[in-house]
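Lettering of chains follows the sequences in order, A, B, ..., and the numbering in each one begins at 1.
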Amino acid sequence: MTLFTYPRLEIDKAAELINATAGLQVEKIARTADKQGFQAGVPPVLGHTFVTEERLASIRAQLRQLAGSSGYPHGSKLRDRQNFDTRAAIYLHGGLDAVPGELLRDEVWQYFTCVIAPDIVCWRWRQDDREPNIDRFMGGVRNCFGRLWRRADVFRDDRLSDPWTLVSSLLEDNFTAILERPRIARNRALAREVARTFLLRRELAKKLDSSNPTQEFLRQFMLRLVRHGGYVALPVLQHDEMSTAISEMANATLSAMGVRVPSNEQLIDDAPQLAIAPGWKPNATAGDVGEPAGRGARSGLVWNKVTELLRSRRRT
Amino acid sequence: MPSVTVCPFPDLQSVALEHPAVIASDWELNGEERPGAMLKGWDYGTDVTASRRIKLDVPAARIASGLSANSTLRVAVLWSTGAGFEVRELGFSSRVQLSGDDPRVVEVSLVIPGERLASTFALTTEIVLEARGTRSGQSSAIEIGSRLWSDDVTIALEGSGPRLPVVLVELDPPDSAWSLRSTAEWLYSHPSAAIHVLVNRRREDICRALLSRPPDEKDRLVRSALKFDIGRQMIERALDDQDFDDDAAFGPQTSGEAIRQRLRIVFPGLSIEEVRAFRLTERERYERQLQASHQLFVTAQ
């Protein structure tokens with residue numbers, strides 16, 4: 001499969017294009033974008049195959065089609081916009097055929113919002129006063145399309161029978177609480193397990209005496225995780241160890257808030273869609289062949305031979 | 001250099017020993033030793049092979065950590081990358097027993113797919129507790145994953161721009177001068193990737209002051225005001241951020257680490273929490289100290 005690099009839009013050019021949307025109706029912004037084509041970006045210095053204008057036009061059309069079924073270009077309800085978010089996240093994750101490193105760049109997402117589909121940004125995020133919502137255009141975790149791609153990239157979970165369960169189950173505030181914590185979000189395995197652990201306990205949290213009990217639970221849970229991360233390296237743990245450590249922190253959070261937590265088995269029985277699929281195994285990590293805990297020590301010499309053997313196998 | 005963290009348990013550097021418990025070689029990247037802060041010739045088609053040797057002096061490790069001989073450690077390497085969004089993945093992991101007296105040597109080797117890299121990448125080596133043996137010291141680490149040793153290095157792939165990019169844009173209201181724009185993850189990112197100084201291009205006087213070569217006295221006053229205000233805004237934003245504290249694991253060359261070091265100079269002897277309290281209770285002195293440290297309106301060349 002051919003992977004593409006995408007144009008990048010520098011911040012000053014992005015600011016110019018954002019200003020140009022001020023006060024315009026969504027349809028007018030769409031017509032202007034169509035008329036201007038795809039010339040504004042600069043190609044990356046380092047290449048694979050540079051994406052074609054036809055493909056960029058197809059992405060624009062696809063995003064408009066997804067938005068169209070949620071009320072675009074007219075006003076829409078919150079539920080419609082959230083439906084668009086979920087479907088657009090899945091599309092952006094699988095439909096761009098981009099070199100993965102490209103999608104980690106702010107300038108690429110600025111190109112998406114300012115050149116490919118500024119009309120959808122305004123439809124999705126503009127307030128009644130028609131002032132552009134700058135955060136949603138600029139790169140970063142709030143970029144209209146970057147945040148959706150990021151959401152899918154982090155929370156698509158191959159461990160579950162439906163990999164999109166987390167993406168379709170988490171609410172907007174839940175995504176924000178996790179994804180705007182870079183220490184958690186940058187480690188996908190960690191973020192997925194945090195989300196799964198939270199969702200397994202979301203119903204329990206509704207018992208809390210709070211105006212937004214589930215979000216309050218998630219906030220306290222994340223604070224506990226971040227504090228813990230100061231001296232425990234959760235991302236280096238084996239899958240089951242990490243899962244246990246995170247569950248214990250979630251349970252401790254709920255207990256501290258006065259909620260009794262049933263066993264993990266009971267939690268899974270209540271939400272079977274969040275069970276790890278039978279037969280799923282974590283990917284092997286280079287070097288992860290050490291002796292099991294409790295066995296006798298190997299000498300440095302033997303250890304060296306083992307690692308050298310593995311290295312030579314990898315070379316071949 | 002190993003990072004310094006405050007741990008609730010003794011780590012592998014807790015005791016000054018004649019022989020350090022951990023000796024880590026420099027990284028070798030794509031066959032080149034000590035490649036410096038930049039990897040030349042990278043593109044998306046070039047995978048990065050990273051290797052280093054970690055030597056663990058087992059008796060010294062037991063003494064420093066207080067862990068017993070039937071404990072097990074894990075040596076792991078995480079790689080991270082991003083120029084906006086950041087991803088971090090486990091690239092290498094291997095167990096090490098603390099039994100016996102022979103040194104353990106772990107040959108770390110990992111391959112990072114070039115297509116998944118962007119702009120820079122960082123390698124973080126961690127030695128953590130895998131299993132705590134019986135008869136370990138009472139104060140020794142208990143929790144699996146407790147960090148006993150760590151170091152990290154950041155490598156640029158495409159060169160670096162100015163530390164704080166300055167961009168001329170139209171700002172509202174028209175008479176405003178400048179503003180600071182930072183991404184949500186700015187504390188964990190290199191300043192050039194996460195912070196932009198937006199200068200109002202409608203203010204010709206300010207643009208002229210910033211662009212003039214050589215600057216006259218008025219230009220220098222404007223520049224001094226900009227430098228002070230941006231520095232102050234960065235400190236204020238950091239102090240308002242609950243992630244910003246003395247224990248936060250900011251990598252080298254990140255905004256968070258840079259501001260943390262800056263605060264140690266501006267408010268010597270104060271922890272970040274104490275700086276927050278100082279700002280709250282003695283605002284006037286706090287502001288004066290910021291002005292003095294940024295040499296506000298000191299324009300002598």
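A salt bridge does not link A:R8 with A:E107: none of the charged nitrogens is closer than 4.0 Å to a carboxylate oxygen. Between A:E172 and A:R151 there is a salt bridge, since at least one side-chain N of the basic residue sits less than 4.0 Å from a carboxylate O of the acidic one. A salt bridge links A:R156 to A:D158: one of the charged nitrogens lies within less than 4.0 Å of a carboxylate oxygen. Between A:D135 and B:R181 there is no salt bridge, since no side-chain N of the basic residue sits under 4.0 Å from a carboxylate O of the acidic one.
Contact of A:M138 with chain B is made through backbone and side chain together, with heavy-atom distances under 4.5 Å. At a 4.5 Å heavy-atom cutoff, A:R142 makes no contact with chain B through either its backbone or its side chain. With a threshold of 4.5 angstrom between heavy atoms, B:V128 approaches chain A through side-chain atoms but not through N, CA, C or O. With a threshold of 4.5 angstrom between heavy atoms, B:E143 approaches chain A through side-chain atoms but not through N, CA, C or O. Both the backbone and the side chain of A:V141 come within contact range of chain B, judged by heavy atoms closer than 4.5 Å. In this structure, chain A has no heavy atom under 4.5 Å from any part of B:S80. Of the atoms belonging to A:A233, heavy atoms from both backbone and side chain fall under 4.5 Å from chain B. Of the atoms belonging to A:L223, it is side-chain heavy atoms, and not backbone ones, that fall under 4.5 Å from chain B. Of the two parts of B:A141, neither the backbone nor the side chain holds a non-hydrogen atom closer than 4.5 Å to a non-hydrogen atom of chain A. The part of A:N19 that comes within reach of chain B is its side chain, from C-beta onward, which places non-hydrogen atoms under 4.5 angstrom from that chain.
Of the inter-residue distances, the one linking A:I246 atom CD1 with A:L237 atom CG reads 8.0 Å to the nearest 0.5 angstrom. To the nearest 0.5 Å, atoms CD (A:Q215) and CG (A:D173) are separated by 4.5 Å.
Contact tally against chain B (heavy-atom pairs below 4.5 Å) for A:E180, A:R150, A:M242: the top residue is A:R150. Ranked by non-hydrogen atom pairs under 4.5 Å with chain A, the options B:A249, B:S71, B:A248 are led by B:A248. Note on A:P100, A:A15, A:G229, A:G139: by heavy-atom pairs under 4.5 Å with chain B, the leading option is A:P100. For the set A:G146, A:A189, A:A245, the entry with the most heavy-atom pairs within less than 4.5 Å of chain B is A:G146. Of all the listed residues (B:V87, B:T49, B:V77), the one sharing the greatest number of non-hydrogen pairs under 4.5 Å with chain A is B:V87. No other option in B:V58, B:I144, B:L129 has as many heavy-atom pairs under 4.5 Å with chain A as B:I144.
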Working for salt bridge (charged side-chain N to carboxylate O under 4.0 Å, His left out), residues B:E126 and B:R74: CA-CA 8 Å; B:E126 309 254 34; B:R74 178 168 287 277; over 6 Å; no

From CA spacing to verdict: salt bridge (charged side-chain N to carboxylate O under 4.0 Å, His left out), B:D247, A:R227: CA-CA 9 Å; B:D247 298 334; A:R227 282 198 301 270; over 6 Å; no

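The two residues B:R147 and B:F9 have their closest heavy-atom pair at O-CE1, 3.2 Å.
Just one residue in the list B:S140, B:S65, B:S68 forms a side-chain hydrogen bond (donor to acceptor under 3.5 Å, both in side chains) with B:R132, and that residue is B:S140.
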